[in-house]
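FYI, the numbering just counts along the sequence from 1. As the structure lists them, so they are numbered: ligands from 1, and atoms in each ligand from 1. Here the structure is a predicted model, which means the values were calculated and not measured.
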Amino acid sequence: MNIKPVLIAGGGLAGCEAAWQLGERRVPVTLYEMRPARPTPAHKTDRLAELVCSNSLKSNAPGSASWLLKEELRRCGSLLLRLADRTAVPGGAALAVDRLRFAEEITAAVERHPFIEVRREEFRQIPGDSLVLIATGPLTSGALASQLEAVTGSANLAFYDAISPIVDSETLNLDRIFPASRYGKGGAEDYLNCPLNEQEYRLFYEALRSADTVERHAFEDLNYFESCLPIEELARRGYDTLRFGPMKPVGLIDPRTGRQPYAVVQLRPESLRFASYNLVGFQNHLKFPEQKRILRLIPGLGNVEFLRFGQIHRNTYINAPAVLAPDLSLRPASHVFVAGQLSGVEGYVESIATGLLAGLALAGRRNGQTFVPPPRSTALGSLVHYITCADASHYQPANISFDLLPALEGLPRSVARDRRARRDKQCECALADLGSWIDGWDALAAPPAEQARTRAVPFL
Ligand SMILES: Cc1cc2nc3c(=O)[nH]c(=O)nc-3n(C[C@H](O)[C@H](O)[C@H](O)COP(=O)(O)OP(=O)(O)OC[C@H]3O[C@@H](n4cnc5c(N)ncnc54)[C@H](O)[C@@H]3O)c2cc1C
């Protein structure tokens, strides 16, 4: 019997993980990777799953959100995490890998898999009669991006990302900050405001003028939208430009002085838990240590912990909450699945995570099963929840952080008050819930009988 393969576009982190998960469940896969015939501006080799920049998969320290996501992936049998662990190099608290060996081992594993056929071709056309996974990443080729745009609607496909920094609310100095909405419109708690007097503004402005910015790749020479300019570019345009832009103080009265401040930085809650705040309009291209140094000059942010730094970079991604279902298929075309950076997550491990889940969901779909994502209490489940349920009107891709996970209720006071203990507990609960979810897999992705009889799948 001739069984149609699942088509996967993109042999990057997400595409390889998805292909492996499908192959291991004896679902035939054709994986399309356009390199080396058609290179991207960032990849340097013809290997699959090449890390385009840093060789770090972030923290491997138990109790951190990034560790939790990795640990969940390990427990789900992720190929890429297994090979990352195998090719690890010293990286302090981070899981850093030998990037060449990492990519080579993944390439060998995927190319050797009897259920995976790798085709070195650009995937240009989304067919209507096959299950398809689009995992072509932030540098998706133009032809495929146009196809995707046609399926999702052009308003739901973005080509670059202007990200404001996010800070941990527990590290704000609330003695220097006041809650208020401009002109008293909206709820009093909608914004926190960091007021600056003239001297503080000048200090901040001068630091920004001499700040060290990230060297931009030639392909990232973006024509910024005027409404999305980086703060250092605004500062370059004049001393007062920021005070008439994202730092404008009008409509805000500092209750400590009874007056309008000279300038203001507004913080908007990132979630209903008020566990983290985003610095409104503070997208920038500064080096991360520079952001830390300069943004900490803002009153109230002196000791702040950054959960995410600001960035502006080329990135193709869908407005996931508007178009993506919880099984990572597109609502307007349910035979098309999306994973990796393109699905609206940010980062290597997050891309692997959505690749793994899409692989499982596709395996389930092949068997007529409805895919139920991991519980919300897990990092995997919270990532899916974020991309499918966040506010679609100003969606921004996210890394995993504890802020995406629901707060634990009913903790003993000693644990609730101790951040470290709280996070350890959160990880413990997440891993326990993930275990129960994994136990339910058998029904989800049982191998099709006719294939199981004919082929055996070797494990690495
Ligand atoms: C310049 C740059 C630097 C980054 N640095 C980091 C970092 O340091 N740390 C971090 O965590 N994240 C980083 N990211 C973000 C992101 O996590 C990575 O890009 C990650 O590799 C995304 O995984 P992916 O599988 O979605 O896409 P990729 O790993 O990029 O894989 C997509 C693959 O699809 C192929 N492809 C594209 N179009 C087609 C097509 N039409 N047909 C067939 N194949 C196609 C590409 O050649 C590529 O191999 C960076 C992104 C960029 C652009």
Side-chain angles (χ1 to χ4, degrees), residues 7-20 30-59 66 69-70 80 84 91 94-97 99 102-103 106-107 110 118-126 132-148 159-161 163 214-222 288 308-309 311-318 320 328 337-359 387 397-400:
L7 309 182
I8 298 184
L13 301 177
C16 287
E17 184 65 54
W20 179 262
T30 306
L31 176 67
Y32 290 82
E33 170 51 55
M34 67 179 185
R35 290 176 293 121
R38 212 190 131 101
T40 81
H43 292 83
K44 303 229 171 357
T45 74
D46 64 355
R47 306 286 83 191
L48 301 175
E50 178 183 331
L51 300 178
V52 281
C53 187
S54 156
N55 68 334
S56 167
L57 273 64
K58 298 213 178 123
S59 178
S66 185
L69 183 61
K70 286 195 273 292
L80 269 68
L95 172 58
V97 299
R99 71 172 73 242
F102 177 66
I106 294 166
T107 305
V110 169
V118 178
R119 283 201 196 155
R120 297 290 186 156
E121 280 172 41
E122 182 182 1
F123 190 88
R124 297 174 65 88
Q125 193 78 27
I126 301 176
V132 183
L133 172 64
I134 313 285
T136 40
L139 307 171
T140 293
S141 73
L144 186 58
S146 307
Q147 281 267 305
L148 204 53
F159 291 95
Y160 86 95
D161 210 358
I163 298 177
V214 175
E215 208 175 300
R216 215 160 311 153
H217 300 271
F219 66 92
E220 288 189 312
D221 202 6
L222 309 160
F288 290 174
R308 179 181 84 183
F309 287 104
Q311 288 174 54
I312 302 182
H313 62 122
R314 172 143 168 221
N315 188 17
T316 315
Y317 66 97
I318 55 170
L328 306 185
F337 290 64
V338 183
Q341 188 97 354
L342 191 62
S343 68
V345 295
E346 176 75 35
Y348 295 152
V349 181
E350 291 79 352
S351 294
I352 296 170
T354 49
L356 180 135
L357 294 173
I387 60 179
N399 291 112
I400 191 65

S.K.: Who gets closest to atom 50 (C) of ligand 1 by heavy atom: Ile352, Asn315, Thr40, Val52?
M.R.: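 Looking at heavy atoms only, Val52 sits closest to atom 50 (C) of ligand 1.
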S.K.: If you measure every N or O of Phe123 against every N or O of ligand 1, does any of those distances drop under 3.5 Å?
M.R.: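 By distance alone, the answer is yes.
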S.K.: Check Glu122 against Ala143 and note the closest heavy-atom contact, atom names and distance.
M.R.: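 Minimum heavy-atom separation between Glu122 and Ala143: OE2-CB, 3.8 Å.
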S.K.: Judged on heavy-atom distance to atom 35 (C) of ligand 1, which of Arg38, Arg47, Arg314, Glu33 sits nearest?
M.R.: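 Going through Arg38, Arg47, Arg314, Glu33 one by one, Glu33 has the nearest heavy atom to atom 35 (C) of ligand 1.
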S.K.: Are Arg35 and Glu50 close enough for a salt bridge, meaning some N to O gap below 4.0 Å?
M.R.: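 Salt bridge flag = yes for Glu50 with Arg35.
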S.K.: Name the option, out of Cys53, Gly137, Ala9, that contains the heavy atom nearest to atom 5 (N) of ligand 1.
M.R.: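 Result: the heavy atom closest to atom 5 (N) of ligand 1 is in Cys53.
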S.K.: Measure from atom 15 (C) of ligand 1 to every heavy atom in Glu17, Gln311, Gln341 and give the option owning the shortest one.
M.R.: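 Among Glu17, Gln311, Gln341, the closest heavy atom to atom 15 (C) of ligand 1 comes from Gln341.
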S.K.: Can you find an N or O of Leu13 that's nearer than 3.5 Å to an N or O of ligand 1?
M.R.: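 So ligand 1 has an N or O lying under 3.5 Å from an N or O of Leu13.
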S.K.: Would you say that Thr316 contacts Leu148 through its side chain, given a criterion of any heavy-atom pair below 4.5 Å between the two side chains?
M.R.: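 They are not in contact (no side-chain heavy atoms under 4.5 Å apart), so the answer is no.
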S.K.: Taking all non-hydrogen atoms of both residues, which atom of Gln341 and which atom of Tyr317 are closest, and how far apart?
M.R.: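 Gln341 and Tyr317 have their closest heavy atoms at O-CB, 3.6 Å.
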S.K.: I'd like to check whether Ala42 has a polar contact with ligand 1, where a contact means an N/O of the residue lying under 3.5 Å from an N/O of the ligand.
M.R.: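 Checking ligand 1 against Ala42, no N or O pair falls under 3.5 Å apart.
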S.K.: So which heavy atom on Leu69 is nearest to which on Ala353, and how close?
M.R.: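 In terms of heavy atoms, the two residues are closest at CD1-CB, 4.1 Å.
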S.K.: Got an N/O contact under 3.5 Å between Ser141 and ligand 1?
M.R.: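 Yes, since at least one N or O of Ser141 sits under 3.5 Å from an N or O of ligand 1.
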S.K.: Report the member of Thr136, Ile134, Ile8 with the shortest heavy-atom distance to atom 32 (C) of ligand 1.
M.R.: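 Ranked by closest heavy atom to atom 32 (C) of ligand 1, first place is Thr136.
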